[in-house]
Structure formats: C-alpha cells, structure tokens
Amino acid sequence: MFSRFWYFVLAALTGIAMAAVLLAHGSLERRTSRSLDADLRRDRTEIELSLRTEARKRLDSILPIAVNADIRAGLRAATDRRDRSTIDAAIRGSLNRKLVELNGQLRDGHADLLFAVDGQGEIISQLGGTAPQAGAGLGAFPLVRRALLGYAGDDVWIYQEKVYRMAARPVIDGGRYVGAIVHGMEMGQPFSEMLGRGLPGVTVAFYRDETILAAHIGSQPAETSEGQVMAFSRQDLISGLAQASSDPALAESGHTAPRAAGEPGRAIYSRVVGSAGRAGVGYIVAQPKEQLLSPVGSLLAAPSADVAALPWALIVGVPALLFLLGLLFFSLERERPFRRLAAQVEAVADGSRERLDIPDHRARFRKLAEAMNRAFESVMTKAGGAAQVRKPADLGEILGDAKSASPQSYFGFASSDAPADVPEVPPTPPPAPAMAPPPRPTPANK
C-alpha cells in the first residue's frame with residue numbers, strides 16, 4: 001500500500017515538475033516578447049529625439065552661411081534686380097563660389113543639396129543635384145516659404161527622386177529678409193549608420209513606400225545562454241512594409257505598434273514628420289527576437305555561475321530523502337514478505353515442515369503460498385506419496401459412523417455387534433439389606 005502510494009507521489013511530482021518547466025518556458029517567452037516591445041518603443045522615442053537633435057544641429061551649422069556678408073550681398077542684389085527673367089552671371093558665380101567654400105567648412109555636416117534663394121524663392125545658386133531650369137524656384141515649399149518670413153525650420157523632401165533632410169534659415173540684410181539658405185542631406189546609409197551607432201544592437205532603416213532607402217543592421221550575438229539570436233536582413237524589413245503601410249495606426253498616430261518583421265524579430269514602422277511622411281517616407285526600428293532554447297537546451301546551456309549558485313544541498317538532499325523513503329516502503333511491502341515466504345519454502349524443501357503457513361502471508365504472497373501448497377500436494381500425489389501427505393482429519397474415521405452406533409454408546413465407541421436384548425436402561429439394583437442397630441453400651445462400659 002505504501003509503495004503504491006509512493007509511486008503515485010513520485011509520478012505526480014514528476015508531472016508537476018515537467019508542467020512547471022514548460023510553464024516557466026512559456027512565461028519566459030512571453031516576458032521576452034513584452035520586454036522586446038518595450039525596448040522597441042523606447043528605441044523609437046530615442047530615434048525621434050535624435051532626428052530633432054540632428055535637425056537642430058544642422059540649423060546651427062548653416063548659420064555661418066546665412067550671415068556671411070558675401071551671401072547677404074549676393075541675395076540682396078538678386079532680390080532687388082528689376083528684370084526677373086534673368087540674373088546677372090556675376091552674382092550667380094559669386095554665390096556659387098562662396099557656397100562651395102562655406103559648405104566645405106561644415107565637414108561631416110556638409111550639404112548634399114544646397115540652395116541660395118532670393119526673396120521671391122527663386123533659386124539663385126545650387127550645389128548638388130541636377131541643375132535647375134532658368135526661373136525655377138522653391139517658394140511653393142512650406143519650409144522655404146516660412147524661411148522667407150523669418151522662421152528657421154526643418155523638413156524631409158523628396159527631390160529629384162531622392163529623399164533629403166532639409167533645413168532652412170532666412171538671410172537678413174539691411175533689416176529685411178532678402179532670401180534663405182536651404183541645406184539638404186540625403187537620407188542614406190551614412191545617416192542610418194550614424195543613428196544606429198547610438199543604439200547598440202538596434203536595426204535602423206529608412207524606407208519609401210515598399211523600398212528600403214538605407215539600413216543599419218544592428219549587430220547581435222549569435223547565441224546566448226537562453227536562446228539563439230538571428231540577424232536581420234533587408235528582406236526581413238521589406239516583408240513587413242506592405243502590411244505596415246495598411247495599418248490604420250500608421251496614418252492616425254504616425255507609427256505602428258510593435259509587429260513581426262520577418263522570422264527573426266519585431267519592428268515599429270514610423271512616418272517621418274513633414275511632407276515626405278505623407279508621401280510614404282518613414283523609418284523602421286527593429287530588433288531580433290531571441291529564439292528561446294528548449295527546456296533541456298536551456299539547462300545544458302546554463303552559465304557555470306548560475307549552476308554554481310544553485311542550492312545543491314537542497315537539490316541533492318530532497319531526492320535522496322525521497323529515495324530512502326521509497327526503499328523503506330519497498331522493503332516493508334515487498335522484501336520482508338518475500339523473505340518470509342522464501343524461508344518457509346526452504347523449510348518445506350528440507351523437510352522441517354510439510355506445508356506453508358497461509359496465515360503468515362498477506363495479499364499476493366498469500367495467494368502464492370496457497371498455490372504452492374496445492375502444487376506440493378499435486379507433486380506428492382503424482383509421485384505415489386499420497387499416504388505421506390498429511391490430509392485434513394476425518395472425524396468419521398476417528399469417531400465412527402454415528403448412524404450405526406449402538407444406542408448405549410454415548411460417544412459412539414460401542415461395537416455394532418452388541419446383543420440386541422440388552423436393555424436401553426439397566427434395571428434398578430435391589431435395595432441393600434437393613435443393618436442391625438449398634439449395641440447399647442453397658443453400665444460397665446460407662
């Protein structure tokens with residue numbers, strides 16, 4: 001009984017342990033997903049702040065261009081010219097040379113696209129890109145229009161099929177706005193790498209519609225103690241663009257919730273602020289999701305420091321105690337009854353006893369003892385030793401036949417050959433003769 005109960009307890013504990021490990025594995029996977037989503041939201045916020053900070057730096061960097069005397073003089077002359085259909089080549093040439101010189105002084109912040117526009121927004125000088133047609137202007141762009149009104153600002157443009165981060169500052173001369181300097185940097189690989197370096201392990205990419213413009217793939221360890229980390233590819237980023245573009249949250253709030261980006265991980269798709277954002281330009285912040293190992297794999301890959309920190313006294317002591325209890329129960333219910341049965345079988349074998357003592361055994365051992373007794377009797381009978389087999393006593397043989405016993409035999413020991421004329425009750429014996437009274441004593445005897 002105890003051993004059977006113990007088997008049930010051990011099986012139940014094993015099942016509970018397996019369920020606990022699987023539940024812990026599932027809980028860890030969900031916790032990893034929640035942690036990854038929280039990290040992505042934080043990374044997106046940091047990218048937003050980085051974009052604003054970078055725009056502020058570009059606005060500060062073009063200030064020396066906007067206040068340069070030659071630039072102010074050239075734009076004042078271009079704004080005040082009477083014939084708006086043409087522009088003096090000397091003015092254009094002077095502005096071009098000065099813009100090249102000042103743009104080179106910006107070093108890493110130099111413009112890929114640089115404009116000097118007059119007070120009407122007409123392009124007077126341009127560096128980078130395709131040369132504009134005569135009379136072309138930027139006055140229709142909100143960024144330039146506000147700069148001509150005296151406001152510095154930034155925006156993202158799609159210009160000649162390329163995406164640029166733009167910054168504009170007004171040019172003031174003689175107390176009036178005579179034009180603006182418009183500085184643009186292409187949203188390409190150097191910019192994505194610059195943002196990605198500030199977020200280790202994070203992938204930063206810029207896209208337009210379903211095309212990746214530039215991407216910095218964050219480096220990740222190939223494997224950890226808990227699981228395996230897979231690297232992103234450009235195709236993984238593209239795979240989620242089609243679904244992300246149709247997400248209502250992208251149009252309402254400017255970014256999606258964390259969502260799957262290929263097999264390796266999750267990403268947040270965001271639109272850039274400005275006119276280009278409405279034209280499908282945005283950026284992606286992504287991180288690979290750690291693929292957790294199986295419970296057995298996690299145990300095998302556990303760090304040595306974690307293994308050393310385990311409470312080994314408890315881990316070894318409890319199973320050892322359970323093992324000893326199991327041995328005790330097994331001995332009480334299996335070993336001792338078996339030894340008792342084996343001893344009686346040995347006694348029958350050496351002739352010290354004829355049969356097994358059934359009441360000394362219980363449960364299955366009792367049935368086994370009864371079967372062995374029957375087997376002993378069967379073997380003795382077949383071997384011709386039935387007379388030597390002790391059988392249960394026959395009271396009929398001992399006491400005689402009760403039906404043929406004489407009526408005089410109270411216990412049935414009288415022989416059936418007794419004469420029939422013997423009375424059932426013997427006659428009453430004759431009375432004893434009267435005895436003479438004792439002699440009276442004589443006076444002499446007195």
Side-chain angles (χ1 to χ4, degrees), residues 54-188 190-191 274-276:
E54 190 273 337
R56 184 73 257 177
K57 289 180 178 179
R58 284 189 294 113
L59 286 173
D60 294 340
S61 66
I62 64 176
L63 180 60
I65 302 177
V67 299
N68 182 268
D70 294 336
I71 299 294
R72 288 189 289 116
L75 290 181
R76 182 181 67 247
T79 300
D80 292 341
R81 74 185 188 278
R82 293 186 179 183
D83 186 1
R84 303 295 303 176
S85 61
T86 61
I87 185 172
D88 191 349
I91 296 176
R92 188 186 297 275
S94 174
L95 285 174
N96 284 342
R97 289 190 295 274
K98 201 62 182 180
L99 285 179
V100 171
E101 176 187 350
L102 295 176
N103 188 44
Q105 296 176 2
L106 298 179
R107 299 182 181 179
D108 292 341
H110 72 278
D112 299 312
L113 191 63
L114 186 62
F115 299 98
V117 299
D118 65 7
Q120 302 299 320
E122 184 179 344
I123 299 175
I124 306 302
S125 177
Q126 175 181 337
L127 298 181
T130 304
Q133 297 179 354
L138 302 175
F141 288 87
L143 175 65
V144 177
R145 187 164 59 246
R146 288 180 58 81
L148 295 176
L149 295 175
Y151 299 98
D154 66 281
D155 199 355
V156 179
W157 287 1
I158 300 175
Y159 189 81
Q160 295 178 347
E161 298 305 317
K162 292 185 177 180
V163 180
Y164 294 91
R165 297 168 291 116
M166 307 300 297
R169 268 192 172 279
V171 177
I172 305 174
D173 185 74
R176 64 191 183 98
Y177 300 113
V178 296
I181 297 297
V182 184
H183 177 283
M185 296 182 69
E186 186 177 354
M187 191 172 283
F191 183 58
S275 56

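Just so you know, residue 1 is the first one in the sequence shown, and it goes up from there.
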Quick check: closest heavy atoms across A77 and I91, and the distance to 0.1 Å? CB-CD1, 3.7 Å
Heavy-atom closest pair (E186 atom, F191 atom, distance to 0.1 Å) is O-CB, 4.4 Å
Exam field: side chain R58 to backbone R165, donor-acceptor pair closer than 3.5 Å: yes
Looking only at heavy atoms, which two atoms of I62 and I181 are closest? And how far apart? CD1-O, 4.1 Å
Please list every donor-acceptor pair under 3.5 Å in which a side-chain atom of residues 138-145 meets a protein atom from a residue at least two apart or in another chain.
residue: R145; atom: NH1; partner: A140; partner atom: O; Å: 3.2

Sub-4.5 Å side-chain heavy-atom contact between H183 and L127: no
Trace of the salt bridge (charged side-chain N to carboxylate O under 4.0 Å, His left out) decision for K57 with E54: CA-CA 5 Å; K57 289 180 178 179; E54 190 273 337; over 6 Å; no
Taking only residues two or more places apart in sequence, or in another chain, which ones meet F115 in a ring-ring contact (aromatic ring centres under 6.0 Å, His included)? Y159
If you define the side chain from C-beta out and look only at heavy atoms, does anything of D155 sit under 4.5 Å from S275? yes
Output yes when a side-chain donor or acceptor of Q160 lies under 3.5 Å from a complementary backbone atom of G129, and no otherwise. no
Tell me whether R72 at atom CZ has more than 12 heavy atoms from other residues, nucleotides or ligands lying less than 6.0 Å away. yes
So among D70, L95, D80, which one has a side chain to side chain contact (heavy atoms under 4.5 Å, CB included) with L75? L95
Going by side chain to side chain contact (heavy atoms under 4.5 Å, CB included), name the residues that satisfy it together with S94, two or more places apart in sequence or in a different chain. R97
Do the side chains of K98 and N68 get nearer than 4.5 Å, heavy atoms only? yes
Nearest heavy-atom approach of A147 to P170 is O-CB, 3.0 Å
For the side chain of E101 and the backbone of N103, is there at least one donor-acceptor N/O pair under 3.5 Å apart? no
Short question: side chain of S125, backbone of A116 - any donor-acceptor pair under 3.5 Å? no
Within the structure provided, determine whether L106 and M185 are in side-chain contact (heavy-atom separation under 4.5 Å). no
Write down the atom of A66, the atom of V171, and the distance for their closest heavy-atom approach. O-CG1, 3.6 Å
Got a salt bridge between K162 and D112, using NZ or NE/NH1/NH2 to carboxylate O under 4.0 Å? no
